[in-house]
S.K.: 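Dropping a structure here in structure tokens format, bear with me for questions.
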Amino acid sequence: MKSIHTDIVVVGSGGSGMFFTQEIAKIKENSNKKILICSSTKNGETSTSSAKGGINASLSNNINENDKWQYHAFDTIVSSKGLGDCSSSELMCRIAPKIVNYLDKIGVLFTKTNDNKISQRTYGGQRLNYGLGDFAHRACYNKDKTGKAIIDALKNNLGDKIDILEYLNVFDIEYKILKNKQRYIKKIIFNDIENNQKISVSADVFVFASGGYSSVYESATAAKATTGYSVISLLANAGARLKDVEFVQFHPTSMYRFGTLVSEACRAEGGYLENEDGTRFLELYDSRNMELAPRDVISKAIFNEMQKHKTKFVYLNLTHLDKNLIQTKLSNAYKNALIFCGVDITKERLKICPAAHYSMGGIDIDKYYKIVNFVNAFAIGEASCKSIHGANRLGCNSLLELFYSSTMCLKGVKDYYLKSSKNSHSHTLFFKDIDFNKLEKLKSYSAIYHMSEVLRKSSYSNLKNNSFLLQEGLLHDKFNKSETDIKSAMDLYLGISRNNGSMKQMKNVIDNELSWISSMGLFKFFYDGDGRNYDSILTTKFINVMSLIFLAQIILKASLYRKETRGSFVRTDYPIMMKFYEKNSIFYIKDKSTIFAKIVNLFRPFYCDGFK
């Protein structure tokens, strides 16, 4: 097995990973630190590059508009449906103008006004004066491909200054458990897809910028190659806590049958949502905000209309807009509609439906995005959960949190290196309780082995060795089918609408998948294999299927536990949002093999002027 040692490993090459890497490399004290990015995709080809609409900041660049960070924070917290972390939300919104201006400075090509200010557009759920005023022009953008503009600038800035390894999928996380029960990550083992080998990467600090888990759904806007759910599942089995995983945002508008995202910018520029009869149905659900209502409101409204008219789609109508506006400001939507659907949106309505888009939940972290229960690991971007988005994310806050989380993480890692000497970690912020002389003597644990034990004990079948299937090449097809079956079941039984009956159906699907995997002894085969017939693609598929099953179990348990309707999903058997459940769900592994859950009621004071 090839081995690499470096100082800082960044897992993921999306916006948060590249921005963190760029900024940590600039710090003078870290000039001698080696930094390595390990990406499961080609550098930059991640969910960030697919982000369309913009990034929020209260710049007040629109004529006669006096936007404030307090208004932005208010909209963020209201949108979170009672589960938002107020202090973190306020801090993010307070520094948002600095973040956007800095992105502009380092080369992000925002669309500009005639007087060379960053142009801003309206977006759903955002108003002035604590929700009482007009729509706020707060989203800074580049046409309808803002994420790509950001990634292009970050890639250009990084150049060849940082080593980047591509097409590496996390296979295992090796860690040690300290006396205070904190975890210390020793190394990550990757599947090197291109070279069909395993690579062991050890480091002082690990930063997971590996993305969210919305791709556990078949109808998802995330790139098919993104498997953030695998890293999240492995970290959970290494001791991380998962928070609010039942909340996945369903973007209201994806192309019917293709899942390709249609930016909210289409509605911000004046597009209509219409049902089969040509009626702008949002009049029935939010007559004040209409197409610029919060995303959870619109997605649920679309779902209701589809149920009512017995269709699998509604329509996005842009035909009343100026053709030049569509082809310039909405060029990405115009091009994709032609390519995927054969529809000219300047002349025809486009069939759209909701699709899983963003993970509000994720890995539980502290103020500096250090993973709870870990001493040398951080999670940033969509992989993490600081509860800024709560049960429903405000549009254009996802790109903002990428850079907010990276900035906070930067402070944490910088503090670690500033307080540590070359030969001793004994006085550092994170390692103050560690005796490094004894560390190597501690037993090492494997996240993948732990996950296999958890899943094996959840199944009903006895182990037996049927690994001959590998030689016959049948496992590739079987894993592909399992992945499709699980994701399709997630769409059907744990989508926007769910209830006790549908979730029992989901449990049956999970049990069936666990049964065949455990009956063939695959847990032992893939973990204990000696590498003579190593297949990196097959091994990655196995990890992905195991992770899908594991995370589907967590989402299922969290959804069963939350007997209410809140934010991104409706429980038809409990259709009311209840004060009792104004709490965060926390999931972790207890007693080595039991998935344990609790809900916690966090104290969230309102600091902003005007909050009552």
S.K.: The criterion is side-chain contact (heavy atoms from CB on, under 4.5 Å); which residues satisfy it with Ser547, sequence neighbours excluded?
M.R.: Tyr229, Ser230, Ser233, Met451, Ile543
S.K.: Would you please say whether a donor-acceptor pair under 3.5 Å links the side chains of Asn397 and His72?
M.R.: yes
S.K.: Can a donor-acceptor pair be found, under 3.5 Å and without considering hydrogens, that links the side chain of Arg183 to the backbone of Lys181?
M.R.: yes
S.K.: Taking all non-hydrogen atoms of both residues, which atom of Lys370 and which atom of Ala377 are closest, and how far apart?
M.R.: CG-O, 3.4 Å
S.K.: Restricting to ring pair (Phe, Tyr, Trp, His ring centres under 6.0 Å), what partner residues turn up for Phe247, sequence neighbours left out?
M.R.: Phe569
S.K.: Are side-chain heavy atoms of Thr122 and His137 found at a separation under 4.5 Å?
M.R.: yes
S.K.: Going by salt bridge (charged side-chain N to carboxylate O under 4.0 Å, His left out), name the residues that satisfy it together with Arg94, two or more places apart in sequence or in a different chain.
M.R.: none
S.K.: Just by modelled atom types, is the Arg127 backbone N or O under 3.5 Å from a matching donor or acceptor in the Asp75 side chain?
M.R.: yes
S.K.: Take atom NZ in Lys81; do more than 12 heavy atoms of anything else shown fall under 6.0 Å from it?
M.R.: yes
S.K.: Would you sort out whether Thr46 and Ser13 count as a side-chain contact (heavy atoms from CB on, under 4.5 Å), showing the intermediate values?
M.R.: CA-CA 7 Å; Thr46 63; Ser13 64; 3.9 Å; yes
S.K.: Name all residues meeting the ring pair (Phe, Tyr, Trp, His ring centres under 6.0 Å) criterion together with Tyr175; count only those two or more places apart in sequence or in a different chain, and write none if there are none.
M.R.: Tyr445
S.K.: With side-chain contact (heavy atoms from CB on, under 4.5 Å) as the criterion, how do Ser263 and Asn332 come out once you've worked through the C-alpha distance, each side chain's angles and the decisive distance to 0.1 Å?
M.R.: CA-CA 9 Å; Ser263 174; Asn332 199 258; over 6 Å; no
S.K.: Shortest non-hydrogen contact from Ala383 to Ile232?
M.R.: O-CD1, 4.2 Å
S.K.: Holding to salt bridge (charged side-chain N to carboxylate O under 4.0 Å, His left out), I want the full list of residues that pass it with Arg566, two or more places apart in sequence or in another chain.
M.R.: Glu564
S.K.: Quick one: does Ser79's side chain have a donor or acceptor within less than 3.5 Å of a partner on Asn392's backbone?
M.R.: yes
S.K.: Could you tell me which non-hydrogen atom of Val245 sits nearest to which non-hydrogen atom of Ala558, and how far apart they are?
M.R.: CG2-CB, 4.4 Å
S.K.: Hey, is CE on Met578 packed in by over 12 heavy atoms from elsewhere, all under 6.0 Å?
M.R.: no
S.K.: For atom CG of Asp134, is the number of surrounding heavy atoms from other residues, nucleotides or ligands below 6.0 Å larger than 12?
M.R.: no
S.K.: Ignoring hydrogens and geometry, is there a side-chain-to-backbone donor-acceptor pair from Gln120 to Asn61 under 3.5 Å?
M.R.: yes
S.K.: May I ask you to check whether over 12 heavy atoms, not counting those of Leu132, lie within 6.0 Å of atom CG?
M.R.: yes
S.K.: Do Met360 and Ser568 come within less than 4.5 Å of each other through their side chains, counting heavy atoms only?
M.R.: yes
S.K.: Indicate whether the side chain of Glu382 and that of Ser359 have a donor and an acceptor atom separated by less than 3.5 Å.
M.R.: yes
S.K.: In Å, rounded to the nearest 0.5 Å, how long is the span from CG of Asp7 to OG of Ser202?
M.R.: 10.0 Å
S.K.: Output the distance between atom OG1 (Thr21) and atom CG (Leu410), rounded to the nearest 0.5 Å.
M.R.: 10.0 Å
S.K.: Listed by chain and number, what are the ring pair (Phe, Tyr, Trp, His ring centres under 6.0 Å) partners of Tyr404, not counting sequence neighbours?
M.R.: none
S.K.: Holding to salt bridge (charged side-chain N to carboxylate O under 4.0 Å, His left out), I want the full list of residues that pass it with Glu246, two or more places apart in sequence or in another chain.
M.R.: Arg562
S.K.: Just jot down the salt bridge (charged side-chain N to carboxylate O under 4.0 Å, His left out) partners of Asp104, sequence neighbours excluded, or say none.
M.R.: Lys112
S.K.: Report the residues that fulfil side-chain contact (heavy atoms from CB on, under 4.5 Å) with Leu261, sequence neighbours left out, ordered by chain and then residue number.
M.R.: Lys52, Thr221, His251, His357
S.K.: Counting distance only, does the side-chain N/O of Thr253 pair as donor-acceptor with the main-chain N or O of Val262 below 3.5 Å?
M.R.: yes
S.K.: Is there a side-chain contact between Tyr588 and Asp364 (heavy atoms, below 4.5 Å)?
M.R.: no
S.K.: Is Glu264 salt-bridged to Arg295, cutoff N-O under 4.0 Å?
M.R.: yes
S.K.: Whether the Asp296 and Gln249 side chains hold a donor-acceptor pair (N or O, under 3.5 Å, no angle test) is what I'd like checked.
M.R.: no
S.K.: For the residue pair Lys33 and Asp204, establish whether any side-chain heavy-atom pair is separated by less than 4.5 Å.
M.R.: no
S.K.: Are the side chain of Asn376 and the backbone N or O of Val205 linked by a donor-acceptor pair below 3.5 Å?
M.R.: no
S.K.: Any idea which heavy atoms bring Val170 and Val11 closest together, and the distance?
M.R.: CG2-CG1, 4.1 Å
S.K.: Can the ring centres of Phe110 and Tyr141 be said to be less than 6.0 Å apart?
M.R.: no
S.K.: Hey, does Phe208 have a side-chain heavy atom less than 4.5 Å from the side chain of Ile188?
M.R.: yes
S.K.: Please walk me through it: do Ile363 and Leu242 pass side-chain contact (heavy atoms from CB on, under 4.5 Å)?
M.R.: CA-CA 5 Å; Ile363 300 163; Leu242 301 185; 4.3 Å; yes
S.K.: Would the number of heavy atoms belonging to other residues, nucleotides or ligands and lying under 6.0 Å from CG of Asp163 be above 12?
M.R.: no
S.K.: Kindly give the heavy-atom pair with the smallest separation between Lys300 and Gly567, and that separation in Å.
M.R.: NZ-O, 2.6 Å
S.K.: Given Arg138, which partner from the list Asp67, Asn56, Asn62 fulfils the side-chain hydrogen bond (donor to acceptor under 3.5 Å, both in side chains) test?
M.R.: Asp67
S.K.: Distance to the ring centre below 6.0 angstrom and angle to the axis at most 45 degrees; does that hold for Lys583 and Phe580?
M.R.: yes
S.K.: Side chains of Lys386 and Met408: does their closest heavy-atom pair fall under 4.5 Å?
M.R.: no
S.K.: Going through the distances and angles, do Cys396 and Ile55 end up as a side-chain contact (heavy atoms from CB on, under 4.5 Å)?
M.R.: CA-CA 5 Å; Cys396 290; Ile55 176 172; 5.7 Å; no
S.K.: Are the side chain of Ser210 and the backbone N or O of Gly12 linked by a donor-acceptor pair below 3.5 Å?
M.R.: no
S.K.: Can you name the side-chain contact (heavy atoms from CB on, under 4.5 Å) partners of Ala153, sequence neighbours left out?
M.R.: Val108
S.K.: Listing request: all side chain to side chain donor-acceptor pair (under 3.5 Å) pairs with a residue in residues 149-158, at least two apart in sequence or in separate chains.
M.R.: Gln22-Asn157, Lys148-Asp152
S.K.: Heavy atoms, side chains only, cut-off 4.5 Å: are Ile298 and Leu282 in contact?
M.R.: yes
S.K.: Kindly give the heavy-atom pair with the smallest separation between Ala220 and Tyr217, and that separation in Å.
M.R.: CB-O, 3.5 Å
S.K.: Taking only residues two or more places apart in sequence, or in another chain, which ones meet Cys409 in a side-chain contact (heavy atoms from CB on, under 4.5 Å)?
M.R.: Phe20, Val207, Tyr369, Phe378, Ile380, Val413
S.K.: Considering only heavy atoms from C-beta outward, does the side chain of Tyr130 approach that of Lys68 to under 4.5 Å?
M.R.: no
